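Please read these numbers as outputs of a predicted model, since none were measured by experiment.
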Amino acid sequence: MTPAESRALPAPHPEAAAGSDEMVSYRTPVGLLAGPAALTSTSTAPVEAPDDTDATLAAPAEAPTEAPAPTEAPAPTEAPAEPAVPAEPAGPADGTPAVPTRAWWRRWTRRRQHLAVGGLFLLAALWVTSRIWLDPSGRVASLYTGDPAQVQFFLAHSVRVVLHGEYPFYTEQFNYPDGVNLMANTAVLALGIPMVPVTLLFGPAVSFVLLVTLGLAGTAMAWYLMLSRHLVRTPLAAAVGGWFCGFSPAMLSHASWHPNIISQFLLPFIVWRVLVLTRSRRPVLDGALLALLVTVQAFINEEILLFTALACGVFLLAVLVQEPARWRTAWRPLGAGVVTCGLLAGALLAYPLYVQFAGPMAYHGLSDAVKDYGNDIAAFFAPGSPTLGGNQRANINLAPNYSEENAFFGWSLSLLAIGIVVWLRRELIVRALAVTGLLFAVLSLGERVSWWDRELVSGPWQWLVHLPLLDAVVPTRFGLITSVVIGLLLALAVERAWALRAADRRTVRVLTAAGLAFALLPIAPMPLRMVGRPPVPDFITADRWRAYVGPDQTLVPIPVPSMGNTHGMRWAAATNLDFKIPGGYFLAPRNGNTGDAGRFGGRPSGVGQMLEEVATTGRTPKLDDRQRRRFTDELRHWRAAILVLPVRQQNAEPLRRTVEELVGPGRQELDVWVWDVRALTDRSV
């Protein structure tokens with residue numbers, strides 16, 4: 001412990017009553033994330049600059065929230081100093097001698113406490129994903145099946161990168177022959193590459209559910225570790241904050257579909273390193289460490305990285321506006337560290353970002369289908385669908401869809417968060433957090449502010465949506481920042497409540513626990529809803545397709561893969577992308593030209609849309625020679641070798657009749673219908 005840290009520590013804390021070898025030693029950092037105890041220390045030791053990169057923005061002492069400090073120091077006495085808050089009451093009122101006792105959790109070492117909390121988070125994550133763990137390959141999240149199939153495809157791509165040295169940032173294994181820009185499609189390389197052994201042994205479906213489980217538990221644990229080390233000293237406070245950051249309704253909403261979004265375990269450490277820069281003695285080294293974290297996060301999810309940078313910037317500005325004096329000591333190390341981080345991370349990411357923004361199949365700006373996604377104001381007061389008090393029907397029209405419920409805190413937690421801000425409003429960090437959370441909550445409303453699906457006014461997002469980088473942001477996801485802010489406020493509130501010097505501390509703690517239960521129980525996580533999905537055909541898993549498909553040819557699933565039909569992507573992923581497919585679910589330039597605005601899917605396919613309609617409605621269309629020639633041209637463009645239709649496909653019989661009218665009769669092989677079209681697509685014929 002540095003001298004500065006020892007000066008920052010107040011009177012002995014109940015959790016620190018035992019010896020350091022047996023008990024948790026919680027650090028209270030000097031500076032921006034220090035609580036009132038650290039900022040109101042009455043130590044008269046000479047102030048020295050701390051030689052500790054863990055310290056953050058140092059600041060002039062704030063006034064204590066309990067009572068004003070005396071204007072004159074009291075005369076020194078020879079009586080030994082007593083703890084400001086005793087670990088246990090001195091004894092009963094009748095004078096009977098008290099037997100010193102410690103709660104069982106206080107006797108645990110710090111490591112045992114961390115393991116216990118981590119185990120709790122892991123059990124919670126397993127509870128949330130329990131239904132998909134029963135059959136990872138045969139179950140998928142209800143309502144939207146495209147995103148899991150896409151992620152599984154990307155996980156299989158990571159296998160090819162590791163085993164075959166395949167180019168990581170672009171692929172022709174789907175949307176052949178145009179290909180897909182993977183840097184512009186969140187290919188989760190930083191998650192997929194470490195998961196290669198699991199994907200090889202058990203398949204991408206198991207890797208997917210494992211990533212979801214570890215993403216939830218890992219994010220909660222990361223925030224717990226950061227909070228317990230740098231913000232609060234009470235284990236319960238850190239656990240509550242970490243719990244909400246990892247299992248908030250927004251995280252549960254994304255868990256079924258977006259493991260890249262819920263894998264936020266690097267974000268607490270990125271935030272911590274940014275704050276370290278404000279008081280760093282080694283800004284170049286600290287900036288380099290931050291650059292490494294930023295680089296890895298960029299290969300998990302760039303949008304979440306951008307949110308983190310924006311949140312850190314707004315939080316620091318909120319601090320400096322309230323106390324400009326901090327800027328005098330912070331700007332030099334912060335500037336040097338940010339420049340170092342920018343240069344190093346820029347060098348590491350220069351080529352991948354070039355591919356993303358200027359490489360083949362790069363697009364500029366999101367599809368219009370998601371650009372105006374925003375939260376309804378009422379969404380902040382309703383419980384999320386995947387929670388104990390949630391109801392999908394009640395949440396209709398409050399979010400763009402069930403995979404984007406990025407608010408949904410419920411009335412009780414929303415009121416509690418407001419109450420915490422009012423109660424702790426004298427604390428600088430609380431005011432800065434409140435400004436940060438409120439700003440991004442407003443931005444998450446999107447371009448049109450609505451209440452229960454009734455448009456009220458235009459939102460501020462309409463002025464920002466066309467700015468570079470922000471044009472690729474889904475605005476409703478700004479609610480993820482507000483979720484983290486609420487998690488930090490909960491941690492601070494529990495810490496302050498646990499340290500109140502009330503006459504009956506046990507009553508205060510019981511009331512605190514009751515308030516947390518009242519606020520968090522309605523949004524407690526429930527197992528994610530799952531539905532069955534067709535298995536990968538035996539024709540694929542038994543490698544019977546290899547007798548037909550060459551290296552530069554495609555296997556065409558019927559219906560053709562698209563945003564609404566992603567089973568063919570799962571087939572390819574099950575073989576680690578050993579064959580190519582046309583179409584698929586991805587983001588690409590609207591007209592197939594690099595630089596166009598984005599759209600979901602590749603170039604429109606008239607025949608592909610027709611087959612999708614047959615699969616949906618079961619109605620067989622009337623075909624003419626022009627449509628047959630068009631289908632043949634598309635097959636040649638795709639370099640198709642075979643068409644494959646599963647026997648158990650929905651409306652399989654109308655689809656079979658339609659394809660036979662286009663290319664002639666097929667034959668059944670194992671559990672699929674197969675049409676060999678190599679004679680039609682061979683360009684040498």
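Not counting sequence neighbours, Glu613 has no partner by the salt bridge (Lys or Arg N to Asp or Glu O under 4.0 Å) test. The side-chain hydrogen bond (donor to acceptor under 3.5 Å, both in side chains) test applied to Ser385 returns Asn395, Glu405, not counting sequence neighbours. Every residue was checked against the side-chain hydrogen bond (donor to acceptor under 3.5 Å, both in side chains) condition with Arg630, not counting sequence neighbours, and none meets it. Residues satisfying the side-chain hydrogen bond (donor to acceptor under 3.5 Å, both in side chains) test with Asp671, not counting sequence neighbours, are none. Under the rule for a side-chain hydrogen bond (donor to acceptor under 3.5 Å, both in side chains), Gln462 has no partner lying at least two apart in sequence or in another chain.
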**Message:** Evaluate Phe265 against Leu225 for side-chain contact (heavy atoms from CB on, under 4.5 Å), listing each step before the verdict.
**Reply:** CA-CA 10 Å; Phe265 37 77; Leu225 291 173; over 6 Å; no
**Message:** If you apply the rule side-chain contact (heavy atoms from CB on, under 4.5 Å), what do you find for Phe440 with Val484, and how did you get there?
**Reply:** CA-CA 11 Å; Phe440 288 106; Val484 171; over 6 Å; no
**Request:** Applying side-chain contact (heavy atoms from CB on, under 4.5 Å), run through Val677 and Thr632 and close with a yes or a no.
**Result:** CA-CA 9 Å; Val677 295; Thr632 302; over 6 Å; no
**Message:** Could you go through Gln649 and Ile558, starting from their C-alpha distance and side-chain angles, then the distance that decides it, and tell me whether this counts as side-chain contact (heavy atoms from CB on, under 4.5 Å)?
**Reply:** CA-CA 9 Å; Gln649 166 71 38; Ile558 302 297; over 6 Å; no
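Using a distance-only test at 3.5 Å, with no hydrogens or angles considered, no donor-acceptor pair links the side chain of Gln553 to the main chain of Ala641. Of the possible polar contacts, none joining the Tyr548 side chain to the Asp676 backbone as a donor-acceptor pair under 3.5 Å is found. The closest donor-acceptor contact from the side chain of Ser253 to the backbone of Pro249 lies at 3.5 Å or more, if one exists at all. Not one N or O on the side chain of Arg131 forms a donor-acceptor pair closer than 3.5 Å with the backbone of Val531. For the pair Thr681 (side chain) and Ala640 (backbone), a donor-acceptor distance under 3.5 Å is present. The backbone N or O of Gly583 lies less than 3.5 Å from no partner atom in the side chain of Trp638, so there is not a single donor-acceptor pair.
Pairs passing the salt bridge (Lys or Arg N to Asp or Glu O under 4.0 Å) check and including a residue from residues 578-602, sequence neighbours excluded, read Arg160-Asp578, Asp368-Arg590, Arg546-Asp578. Listed by first and then second residue, the side-chain hydrogen bond (donor to acceptor under 3.5 Å, both in side chains) pairs that reach into residues 568-577 are His567-Arg570, sequence neighbours excluded. Residue pairs meeting the side-chain hydrogen bond (donor to acceptor under 3.5 Å, both in side chains) criterion with at least one member in residues 178-196, sequence neighbours excluded, are Asp178-Arg603. Applying the salt bridge (Lys or Arg N to Asp or Glu O under 4.0 Å) test to pairs two or more places apart or on separate chains, none has a residue in residues 254-272. Residue pairs meeting the side-chain hydrogen bond (donor to acceptor under 3.5 Å, both in side chains) criterion with at least one member in residues 201-213, sequence neighbours excluded, are Thr129-Thr213, Trp133-Thr213, Thr199-Ser207.
Summarising the geometry, atom CD1 belonging to Ile262 is positioned 11.5 Å from atom CD1 belonging to Ile300; distances are rounded to the nearest 0.5 Å. To the nearest 0.5 Å, atoms CG (Leu645) and CH2 (Trp673) are separated by 9.0 Å. The distance from atom CZ of Phe269 to atom CG of Leu289, rounded to the nearest 0.5 Å, is 13.0 Å. How far NE2 of His157 is from CD of Glu166: 6.0 Å, rounded to the nearest 0.5 Å. Remark: Ile132 CD1 to Met530 CE distance equals 4.5 Å, nearest 0.5 Å. Here the straight-line distance linking atom CG of Leu470 with atom CD of Glu303 works out to 10.5 Å at 0.5 Å rounding.
Residues Trp257 and Tyr402 come closest through the heavy atom pair CZ3-O, 3.7 Å. For the residue pair Thr554 and Pro582, the shortest heavy atom distance occurs at CB-CD, 4.2 Å. For the pair Glu404 and Asn375, the tightest heavy-atom approach, listed with the atom from each and the gap, is O-OD1, 4.3 Å. Of all heavy-atom pairs spanning Ala205 and Pro136, the tightest one is CB-O, 3.6 Å. When all heavy atoms are compared, the tightest approach of Gly479 to Ser444 is N-CB, 3.6 Å. Shortest non-hydrogen contact noted between Leu528 and Ser256 is CD1-OG, 3.5 Å.
Between Tyr224 and Phe121, the ring-plane angle classifies as perpendicular under the 30° and 60° cut-offs.
The side-chain heavy atoms of Pro535 and Arg648, taken from C-beta on, include a pair separated by under 4.5 Å. Using a 4.5 Å cut-off on side-chain heavy atoms (C-beta onward), Asn301 and Leu305 make no contact. Looking only at side-chain heavy atoms (C-beta outward), Tyr373 and Asn401 come within less than 4.5 Å of each other. For the pair Leu611/Val659, a side-chain contact is recorded, criterion being any heavy-atom separation below 4.5 Å from C-beta on. Taking the side chain as every heavy atom from C-beta outward, Leu292 and Leu348 approach each other to under 4.5 Å. Proximity of Leu366 to Leu587: side-chain heavy atoms (C-beta onward) are separated by under 4.5 Å at one or more points. Leu555 places a side-chain heavy atom less than 4.5 Å from the side chain of Ile540. Residues Gln152 and Met569 form no side-chain contact, since every pair of their non-hydrogen atoms from C-beta on lies 4.5 Å or further apart.
No more than 12 heavy atoms of other residues, nucleotides or ligands shown are found within 6.0 angstrom of CZ on Phe202.
Each of Phe208, Phe174, Tyr585 was evaluated against Phe153; a single residue qualifies, Phe174, per the ring pair (Phe, Tyr, Trp, His ring centres under 6.0 Å) test.
Counting only N and O atoms by type, the side chains of His254 and Asn406 include a donor and acceptor under 3.5 Å apart.
Under a 4.0 Å N-O distance rule, the pair Arg639/Asp552 does not qualify as a salt bridge.
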Only distances under 3.5 Å count here; give the side-chain donor-acceptor pairs of residues 308-315 to other protein atoms, sequence neighbours excluded, each with its distance to 0.1 Å.
unit_1 : atom_1 : unit_2 : atom_2 : d
Thr308 : OG1    : Ile304 : O      : 2.9

Please table the atom pairs, donor to acceptor, closer than 3.5 Å between any side-chain atom in residues 349-365 and protein atoms at least two apart or in another chain.
unit_1 : atom_1 : unit_2 : atom_2 : d
Tyr351 : OH     : Tyr167 : OH     : 2.6
Gln356 : NE2    : Glu302 : OE1    : 2.9
Tyr363 : OH     : Ala184 : O      : 2.6
His364 : NE2    : Phe357 : O      : 3.0

